[in-house]
Amino acid sequence: MAEASAEERILAAIRAVPRGQVAAYGHIARRAGLPGRARLVARILGGNEDPDLPWHRILRSDGRIAFPEGSRGWREQSQRLRAEGVAVERGRVRMPAADVSLDAMIWGPG
DNA sequence: AAGTTGACTAAAT
DNA sequence: CATTTAGCCAACT
């Protein structure tokens, strides 16, 4: 059968981020088998329509929300994150240290 | 078909 | 740490 499209793999990677956890665009791209395509992840999120997609768990690599500060999306993302227990301060969260063992625990053996 | 754009990143300042 | 700079890459003009 046909292999999953890049977009499908990216969406799957996003859906795989556990509640209360966050991941960077680049991290998702990598997990989807598309290293260096962070901007593609952003693009897909922008066009996404699925209300169940945990888009709010995706942040920039430095832990900052990608929307302009104060904008609608910025506010909603902070709110959604706090709603699941993530500490958001000044539109920024503490990014999980790229811990290999924890990464494997979360993402699985791949 | 060449140039622009952007929910990005890593490195330098 | 916060800011700036240069690089990146697919979609869109």
Side-chain angles (χ1 to χ4, degrees):
Chain A
M1 65 165 209
E3 8 180 309
S5 69
E7 176 169 344
E8 282 171 18
R9 291 202 306 271
I10 288 174
L11 289 174
I14 293 171
R15 277 188 263 262
V17 179
R19 192 172 201 283
Q21 267 282 328
V22 297
Y25 294 88
H27 225 145
I28 295 299
R30 209 147 122 115
R31 186 69 194 95
L34 300 164
R37 295 349 179 234
R39 300 190 104 134
L40 181 57
V41 173
R43 240 198 82 64
I44 289 173
L45 275 180
N48 173 68
E49 301 284 341
D50 184 355
D52 292 325
L53 189 76
W55 58 269
H56 56 280
R57 303 192 190 141
I58 313 306
L59 312 173
R60 287 192 182 164
S61 60
D62 60 4
R64 293 194 53 186
I65 288 178
F67 292 109
E69 181 167 353
S71 70
R72 178 95 180 303
W74 185 92
R75 275 177 317 214
E76 172 154 4
Q77 185 160 15
S78 332
Q79 184 175 13
R80 278 169 171 271
L81 283 172
R82 293 200 176 104
E84 44 185 78
V86 177
V88 185
E89 284 177 59
R90 242 169 134 229
R92 178 185 283 182
V93 319
R94 289 266 210 169
M95 277 302 258
D99 200 310
V100 184
S101 57
L102 178 58
D103 188 79
M105 182 82 82
I106 294 172
W107 297 103

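Chain letters run A, B, ... following the sequence lines, proteins first and then strands; every chain starts at 1. These values consider heavy atoms only, across backbone and side chains, with no hydrogens, waters or symmetry-generated copies.
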Looking at A:Arg60 and B:dC8, is any side-chain donor or acceptor paired with a base atom of the opposite kind under 3.5 Å?
no
Qualifying residue, where the test is side chain to side chain contact (heavy atoms under 4.5 Å, CB included) with A:Val41 and the options are A:Leu11, A:Leu34, A:Ile10
A:Ile10
A:Arg90 CZ to C:dT3 C1', in whole Å, measures 12 Å
Output yes when a side-chain donor or acceptor of A:Arg9 lies under 3.5 Å from a complementary backbone atom of A:Ala4, and no otherwise.
yes
Would you say a side-chain N or O of A:Arg39 is under 4.0 Å from OP1 or OP2 of C:dA11?
no
So, the side chain of A:Arg37 versus the backbone of A:Pro35: is there a donor-acceptor pair under 3.5 Å, distance only?
yes
Using atom types as modelled and distance alone, determine if a side-chain donor or acceptor of A:Arg57 lies under 3.5 Å from a backbone N or O of A:Val17.
yes
Rounded to whole Å, please give me the gap between CZ in A:Arg64 and P in B:dT9.
12 Å
Rounded to the nearest angstrom, tell me the gap between atom CG in A:Leu40 and atom P in C:dA11.
6 Å
Rounded to whole angstrom units, what separation is found between the CG atom of A:Leu59 and the C1' atom of B:dC8?
12 Å
Out of B:dT9, C:dC12, C:dC8, which nucleotide sits closest to the side chain of A:Arg43?
C:dC12
Taking only residues at least two apart or on different chains, which pairs with a member in residues 61-77 of chain A satisfy side chain to side chain donor-acceptor pair (under 3.5 Å)?
A:Glu76-A:Arg80
Distance check needed: B:dA7 C1' versus A:Leu81 CG, whole Å only.
13 Å
How long is the line joining CD1 of A:Ile10 and C1' of C:dC9, in whole Å?
12 Å
Of the listed nucleotides B:dA7, B:dT9, C:dA10, the one nearest the side chain of A:Ala38
B:dT9
Polar pairs (N or O, both sides) under 3.5 Å between protein and nucleotides 10-13 of chain B?
none

Could you check how far CD of A:Glu7 sits from P of C:dC9, rounded to whole Å?
20 Å
With a 4.0 Å cut-off on heavy atoms, is A:Gly36 in touch with a base, just the backbone sugar-phosphate, or nothing at all?
sugar-phosphate
Describe the nucleic acid contact of A:Ala29 in one word from base, sugar-phosphate, nothing, applying a heavy-atom distance below 4.0 Å.
nothing
Tell me whether the side-chain N/O atoms of A:Arg92 come closer than 4.0 Å to OP1 or OP2 in C:dA2.
yes
Testing A:Ile44, A:Leu45, A:Ile14 one by one against A:Trp55 for a side chain to side chain contact (heavy atoms under 4.5 Å, CB included), which residue passes?
A:Leu45
How long is the line joining CD of A:Glu89 and P of C:dC1, in whole Å?
12 Å
Between A:Leu59 and A:Ile65, is the side-chain contact (heavy atoms from CB on, under 4.5 Å) condition met? List the steps.
CA-CA 5 Å; A:Leu59 312 173; A:Ile65 288 178; 4.0 Å; yes
Output the single nucleotide from B:dA7, B:dT9, C:dA2 whose closest atom is nearest the side chain of A:Phe67.
B:dA7
